[in-house]
Amino acid sequence: MYKAKAYAAGSATSPLAQTTIPRREPTESDVRIEILFCGVCHSDLHYVRDEWHESLAAIYPCVPGHEIVGRVAEVGSAVTRFKPGDQVGVGCMVDSDRTCANCKEDLEQFCPNGVLTYGSPDKHGTAPVTYGGYSESIVVDERFVLRIPDNLDLAGAAPLLCAGITTYSPMRHWGVGEGKKVGVVGLGGLGHMAVKFARAFGAHVVVFTTSESKKEDALRLGAHEVVLSRNADEMEKHAGSFDFILDAVAAQHDINAYINLLARDGNLTMVGAPEKPLSVAVFGLIFQRRSFSGSLIGGIAETQEMLDFCGEHNITADVEVIPMQKINEAYERMLKSDVKYRFSIDMASLKSD
Ligand SMILES: [Zn+2]
Ligand SMILES: [Zn+2]
């Protein structure tokens, strides 16, 4: 066991502050990673403030962070896929049982015995729970370590590990590609990645936003069209025309307005998670055999596929790099959507603490 610098929250109401945490010595199948950047996901904030208490109660101290990129510092004797110096990443999961039907189909994100990067019981016993990427280093089994293509900017690559795969996976699943009309609802951390992927897949991309001010940015990110969702006439023009819509809005909103924009057999997938149930008008689904679904990150193999795709197409997130010391301020700004489009923590800043 060794000690690593990290930022942790001591309770649901205390700010994140510097501390040291225990990390295990690498086992034979482990990789020790020096963390260079960690993206700031909205889930980090929800978890730290225990806002998901009913489904995923926070355990303190809590070290969030599951958009991790860094360099391999050390590998265990049985590690075959990585060597010191390699550029690597870790996303939302650090282990699973590897034996269930989901794991066998490379869908570890649905494993009933999955281990999340932070807040899951630590089966190695190093600490009560796993600690995430707001830290100078992390030790992870090589099966849950991903290769980051050399050409990608690391600060911008970090958010690919959660925001990237969260949007890439459902678009692959529902066949987004050339000749398809794709809608993206909400232009934030997830939405801006969805626009980049949909465009790279060759689809016709339409962004729905509530703010006029995001129009220009949506076009710059790759959208062909931008629709102000409050404008009923503009919405009506697109009725029954979409093959796929990805909805990244976590606030209450009228989902039926989007279901009605789907073509026959069209699908609307939620990746934003509103706190309260949404009201779905079922007739909207029945008459055109439309479907309404959800999606959760992606498996390890698909996450690697996504990263390789990003390498080929030079896709990264648009980030604002911050020092670790600014994290509490960043959370407040994230609540006001005052970030384009993801914060990425420069972990070198932790050394000066
Ligand atoms: Zn996340
Ligand atoms: Zn499993």
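Numbering of ligands and ligand atoms starts at 1, following listing order. These numbers come from a predicted model, not from an experiment.
Contact annotation: Cys162 places an N, O or S atom under 2.8 Å from the Zn ion (ligand 1). At least one N, O or S atom of His66 sits under 2.8 Å from the Zn ion (ligand 1).
In terms of heavy atoms, Pro112 sits closest to Asn102 at CD-ND2, 4.2 Å. Counting all heavy atoms, side chain and backbone alike, Thr126 lies closest to Pro22 at O-CG, 3.6 Å.
Cys103 contributes SG and Asp97 contributes OD1; the angle these two atoms make at the Zn ion (ligand 2) is 100°, rounded to 10°.
Note that Arg49 lies outside the cation-pi zone of Tyr331, set by a 6.0 Å cut-off to the ring centre and a 45° limit from the axis.
Of the possible donor and acceptor atoms, none in the side chain of Ser169 sits under 3.5 Å from a partner among the backbone N and O of Thr166.
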